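Presented below is the structure to which this report refers.
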Amino acid sequence: MLPAKYSPKNVESEIFKFWEDNEIYRKVKERKGRKFYFVDGPPYTTGRIHLGTAWNKVLKDTILRYKRMSGFAPTDTPGWDMHGLPIEVKVEQELGFRTKRDIESFGIDKFIEKCMNYALANKDAMTEQFKNLAVWMDWDRPYMTIKAEYMNAAWFAIKRAYERGLLERKKMVVNWCYRCETALADAEVEYWDEEDPSIYVKFPVKGERDTYIVIWTTTPWTLPANMAVAVHPSLEYAKVRAVKNGKVEYLILAKELADSVLGKGDYDAWEVVETYLGEDLEGLEYEHPLAEEVPIQKNWKHQVFFADFVTAENTGCVHIAPGHGVEDYELGVEKGLEIFNPVDDRGVYTEKAGKYAGKHVREANDEIIDDLYRKDLLLAEEKIVHRYGHCWRCKTPIIYRATEQWFIKISELKDEMLREIDKVKWIPEWAGSARFKDWVSNAKDWCISRQRYWGIPIPVWICEKCGEMKVVGSIEEIDWENDLDLHRPKIDAVTFDCKCGGKMRRVPDVFDVWFDSGVASWGSIAYPLRKEKFEELWPADFITEGHDQTRGWFYSQLGTSVVCFDKAPYKAVLMHGFTLDEQGRKMSKSLGNVVEPEEVVSQIGVDGFRLYVLYSAPWEDLRFSWEEARNINRMLNVVWNAIRFAYTYMNLDDYKFGEKGELKMEDRWILSKLESFVKEANEAMEEYQVHRVVRAFFDFFVEEFSRWYIQIIRPRVWEERDSPSKIAAYYTMFRVIDRSLRVIAPFAPLISEWFYQHVVKRFRDGEESIFMESYPEPEEGMIDGKLEEAMDIAKDIVEAAANARNKAKRKLRWPLRELVVETSSEKVREAVEMLEEIILSQCNVKKIRVVDNFEKEIEIKPNYKYIGPLLKEKAGEFAKYVASLKEIPEKLVFEGEELDPKQALLIDYRLPDGYEYAEFPEGVVYIYKELDDELMREAYAREIVRRIQEMRKELDLDVEEFIQTMVEMDPELVKGWEEYIKSETRSEKLTFGKAEGYVKEWNVEGKKVRIGIVRKS
RNA sequence: GGGCCCGUGGCUCAGCCUGGUUAGAGCGCUCGCCUGAUAAGCGAGAGGUCCGGGGUUCGAACCCCCGCGGGCCCA
């Protein structure tokens, strides 16, 4: 016997042990197969996986298992993204560090060692978590971004970029984290709402008394670096005469914005005195508002320029600080302005900032506002809540700073990248054609340098003396001791001799970690250090990641790959969603709505978890719901019970698969459904539509197989040994179970393997593991569309009959004389003919009849509500006329007036006595609800049988055990059904008299009946 | 301001690409049933302006346009 209840824990522990003891994964992997190059998007080694990571790997595992069963030998190397700020930040926290200086004094070598140990430990912890989700990947041989052979792949890429003129060092305004003291890529900036000052500042126009240009900013701290003001050339500007406390000022700003801006200041009145276009303003000079506080500003000329990026918002005059804004910078370069940046790496003003030197920019805001106020240059001050960028790791608000950085010139590669996107198969299609293309179209040059420690060192050496630059494209060009020793600070000690006689030293930067993972498609197979695999496999056949990777891994990979090979590194991309909480919010620690994968697994098991996440469309976000998750488990339990049912009898009879017996209609039907299901699964998998397989599985196995097929064949399995009909049922059930399990095995590997070992291999020879079996392909010859359609109709009829019984209050246990199907459909007629036996037994009726028109009587009554107001006093006469009607007239003419019969008449159908009806899609079903004596006796017999069965159960008798039964009742009530009762209940003897043994008193339809049973030992 | 996705009973979602019976499922609810899969299982019923408005079409949840609401990303 199989366990009565599905216990995920027992199944899991047994199968995990079985796999391990027998090295099943290794054996499966050794099998030959067609190539399928899958590249694992490396999760960052944070130490714990979350729901989304778990979903991601389960999705990958399912596809890999499917591919293996389908004759492929997919690559399944897991990857780990191990460098970068997140780990540095963690280690810094552990050590209590606050700045880079803490690291330097601690020692970079020791710091790097800590980072490495931390990353390795996290990797191990996460590996265990993934293994516990039954993810089969090559865990003993992962690719790691910290390995020399991997770092080499990044060096190779940067050398290619250099050779193609796509590597550039330039001063550029970048996202800067002053806590981490490094540049950040756009992909590393997270946006959320932040409250900032919103100030309107008056810049005094040179040589014109009391005249000002009005600008607006949310970053007062950038004012010390102001170098210019920008206006839009074709926007209309105004000089406004404004009066405050009797004092007159002239303010220059966009005309259409004047009222709203002046309204914010304390002006008593204002009027436009002059207007001009933006282009007329060019060259207008002004004095820096903080020239006294920042004396260096006195050295430079400040004037108005025009620029197209200016919009009619705020004041229409934009404060330009080329050292602190991307557009500002570009304008600055164009106009030959000083790229003035008085802020250091830590976000602290340098000496150049005069009065503010030594202050942190975030703290300086208030002081600057005060100074402006004191100088009467502050027109208005407000607060604003707006989206502002933050460092993705330490959450510090970023600032923009002009610094020297290394860039990949994406701007020159964009067209090629966009072309490559079109060649990739995207699932869903819009992931590529819309979302990704949009990102790439707007991409700027990629800043790949970081002023940090824990990363792949940028392999650029520069001569101290002559500035000559050398880009190293292979680790073989330098000495390295072991594969983990290419990190800082060791690499910093490597120098080259320059032609000029000087020493070449490495630039101190490390790579953006997105560059690390960007080279995964060849780094993971150690190219170019080793060539064979690359030549055989590249590019990847398939990758899958979440939609956040649009600007992450999908992008970084495409960029590096186009640089190196002019080609996309992947052929197909499945973009999956995010896991959200039940309300559709992001899961986050601060909201306290985080659900851990382990928590889910402990409640519903690994297979339950996997099926749950694979149940909905992968590209949709997944709102996690406990209710839904448990629901999956209930369905799995039905699967369990269905297989257990089949097993019980097949096992009892020692069935061996092969014998087919005589297939009946229901057998042929479910076998047809099985092949339709297999077909659907294959088609869906080819499109990576995993959810369709899971849904089809539950539909088929729970709905069709368990709830319908097994229901129908139940009596057949307790026929005598060797009955051809019973053998046919066994054959059918086995085939269904065997093939269904193999279809669903990639999704629910543990329970499938368990059944394979305990059930499938009990009745036929098999492989050592279900994962050495092949994935079923549909045998289309067995699909019988007509039969499937007929069964749908039969189901509808049975359902309607149940409905009618409900109305007539006749339980299913009570047999009924007749079922009439009224229909005009030939298909229904054929279906009834074909499947009569099934309908009869499922409806528990003796006879079924199909008619075009059931002999019912109609009663026609006038609709007084309608005719009353129309016919007034003639209504009574009309009623008489209606009473004479025998059938519904097509035309209704009364007293020369034509009436619409549909409105004027109410039709009542009266069924002949004793009938009840219910509708079904193709007609109406009628049952005859009265029971004659003969039917009553059968009904009683069934009632008695049911109660004896329950008593057997209470005594915990074996299914096969015989008993003696005594019933205290009038034997006439079940006359003619004695043998039936005996055989159904395995009673050797049935007597009507004093009950002995285990005795119970029952109330059967109002009659007291005492039943006694004695077990036959 | 721009791009993308989503909006279907109380809840979670299929269906939409490829227009065509009376729009489905599960959960929940109400009422029943079954009892040799049984601390399970099954059925029926109630419950839907398929976000709104236009358009195309003989016909629109589905295709097109314009809105509204939510989410993500970008400015």
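The sequence lines fix the lettering, A, B, ..., with proteins before strands; numbering per chain opens at 1. Since the model is a prediction, treat every value here as computed from it, not as a measurement.
- Applying the Watson-Crick and G-U wobble criteria (two distances, each under 3.5 Å), B:A60 pairs with nothing in any strand.
- Judged purely by distance below 3.5 Å, without hydrogens or angles, the side chains of A:T219 and A:H324 never pair a donor atom with an acceptor atom.
- Residues passing the ring-ring contact (aromatic ring centres under 6.0 Å, His included) test with A:F645 are A:Y649, sequence neighbours excluded.
- Taking atom C1' on both nucleotides, B:U56 is separated from B:G70 by 29 Å, rounded to a whole Å.
- Residues meeting the side chain to side chain donor-acceptor pair (under 3.5 Å) test with A:W446, sequence neighbours left out: A:D512.
- In the set B:C72, B:A37, B:G36, the nucleotide with an atom closest to the side chain of A:A642 is B:A37.
- Atom pair A:L418:CG and B:G3:P shows a separation of 16 Å (rounding to whole Å applied).
- Taking 4.0 Å as the cut-off between side-chain N and carboxylate O, A:E666 and A:R716 count as a salt-bridged pair.
- Note on A:I710: a base of the nucleic acid sits closer than 4.0 angstrom, heavy atoms only.
- The 5' end of RNA chain B is approached more closely, in terms of each residue's nearest nucleotide, by A:D438 than by the other of A:D699 and A:D438.
- The salt bridge (charged side-chain N to carboxylate O under 4.0 Å, His left out) search around A:R947 returns A:E943, not counting sequence neighbours.
- Using a 3.5 Å distance cut-off with no hydrogens or angles, the side chains of A:S676 and A:E788 do pair a donor with an acceptor.
- Rounded to whole Å, the P atom of B:A40 lies 39 Å from the corresponding atom of B:U21.
- Taking the six-membered ring where the residue is Trp, A:F697 and A:F677 present tilted rings, their angle falling between 30° and 60°.
- One can place CG of A:D653 at 14 Å from C1' of B:G36, the figure rounded to the nearest angstrom.
- One can place CD of A:E330 at 13 Å from P of B:A75, the figure rounded to the nearest angstrom.
- Put simply, CZ on A:F698 is 16 Å from P on B:A14, counting in whole angstrom units.
- At least one side-chain nitrogen or oxygen of A:R644 sits closer than 4.0 Å to the OP1 or OP2 atom of B:U38.
- Nucleotides B:C63 and B:C16, compared at atom P, are 9 Å apart to the nearest Å.
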Close N/O contacts between protein and nucleotides 7-9 of chain B (under 3.5 Å):
none

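- For A:T823, there are no side chain to side chain donor-acceptor pair (under 3.5 Å) partners at least two apart in sequence or on another chain.
- For A:N314, the side chain to side chain contact (heavy atoms under 4.5 Å, CB included) partners at least two apart in sequence or on another chain are A:Y200, A:W216.
- For B:G36, the base has a donor-acceptor partner in the side chain of A:Q949 [N/O atoms by modelled type, under 3.5 angstrom].
- Across all strands, A:R714 comes closer than 4.0 Å to base atoms (heavy-atom distances).
- A:Y612 comes within 4.0 angstrom of no nucleic acid atom, judged by non-hydrogen atoms across all strands.
- Note: CD1 (A:I713) to C1' (B:A37) measures 11 Å, nearest angstrom.
- One atom, CD of A:E703, and another, C1' of B:C27, lie 14 Å apart when rounded to the nearest Å.
- Distance check on atom C1': B:G48 versus B:G2 gives 35 Å, rounded to whole Å.
- Between B:G1 and B:C66, the two P atoms lie 15 Å apart (nearest whole Å).
- For A:Y998, the side chain to side chain donor-acceptor pair (under 3.5 Å) criterion is met by A:E954, not counting sequence neighbours.
- In a base pair of the Watson-Crick type (N1 to N3 plus N6-O4 or O6-N4) or a G-U wobble (N1-O2 and O6-N3), with each distance short of 3.5 Å, B:G43 is matched with B:C31.
- Side chain of A:L812, nearest nucleotide from B:C72, B:A37, B:C34: B:C34.
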Can you check each nucleotide of nucleotides 15-24 of chain B against protein heavy atoms at under 4.0 Å and return B for base, S for sugar-phosphate only, - for none, in 5' to 3' order?
-> -------B--

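- If you check every strand for non-hydrogen atoms under 4.0 Å, A:S7 touches nothing.
- In this model, the phosphate group of B:C33 is not approached by any side-chain N or O of A:R805 to a distance below 4.0 Å at OP1 or OP2.
- Considering only residues two or more places apart in sequence or on other chains, A:E687 meets the side chain to side chain contact (heavy atoms under 4.5 Å, CB included) condition with A:K425, A:Q689.
- Pairing partner, B:A25: B:U12, with both Watson-Crick or wobble hydrogen-bond distances short of 3.5 Å.
- Nucleotides B:C62 and B:G54, compared at atom P, are 13 Å apart to the nearest Å.
- Residue A:R435 has its side chain nearest to B:G71 when only B:G71, B:A14, B:C74 are considered.
- A:E620 comes within 4.0 angstrom of sugar-phosphate atoms only, judged by non-hydrogen atoms across all strands, and of no base.
- Across the C1' atoms, B:G19 and B:A60 are found 6 Å apart, a figure rounded to whole Å.
- Rounded to whole Å, the distance from CH2 on A:W430 to P on B:G71 is 17 Å.
- Remark: A:H691 NE2 to A:L59 CG distance equals 11.5 Å, nearest 0.5 Å.
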Using a cutoff of under 3.5 Å, can you pull out all pairs of nitrogen or oxygen atoms linking the protein to nucleotides 39-41 of chain B, with atom names and distances?
| unit_1 | atom_1 | unit_2 | atom_2 | d |
| --- | --- | --- | --- | --- |
| B:A40 | O2' | A:N641 | ND2 | 2.6 |

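- Residues meeting the side chain to side chain contact (heavy atoms under 4.5 Å, CB included) test with A:E620, sequence neighbours left out: A:A617.
- A:H547 and A:T550 are not linked by any side-chain donor-acceptor pair at a separation below 3.5 angstrom, with hydrogens and angles left out of the test.
- Looking at residues two or more places apart in sequence or on another chain, you find a side chain to side chain contact (heavy atoms under 4.5 Å, CB included) between A:A254 and A:L235, A:Y237, A:L257.
- Relative to the side chain of A:K444, the nucleotides B:U35, B:A75, B:C4 differ in distance, and B:A75 lies closest.
- Straight-line distance from the CE atom of A:M575 to the P atom of B:C73: 13 Å, rounded to whole Å.
- Annotation: B:C29 and B:G71 have their C1' atoms spaced 31 Å apart (nearest Å).
- Pairing of B:G69, defined by two Watson-Crick or G-U wobble distances under 3.5 Å, is identified with B:C6.
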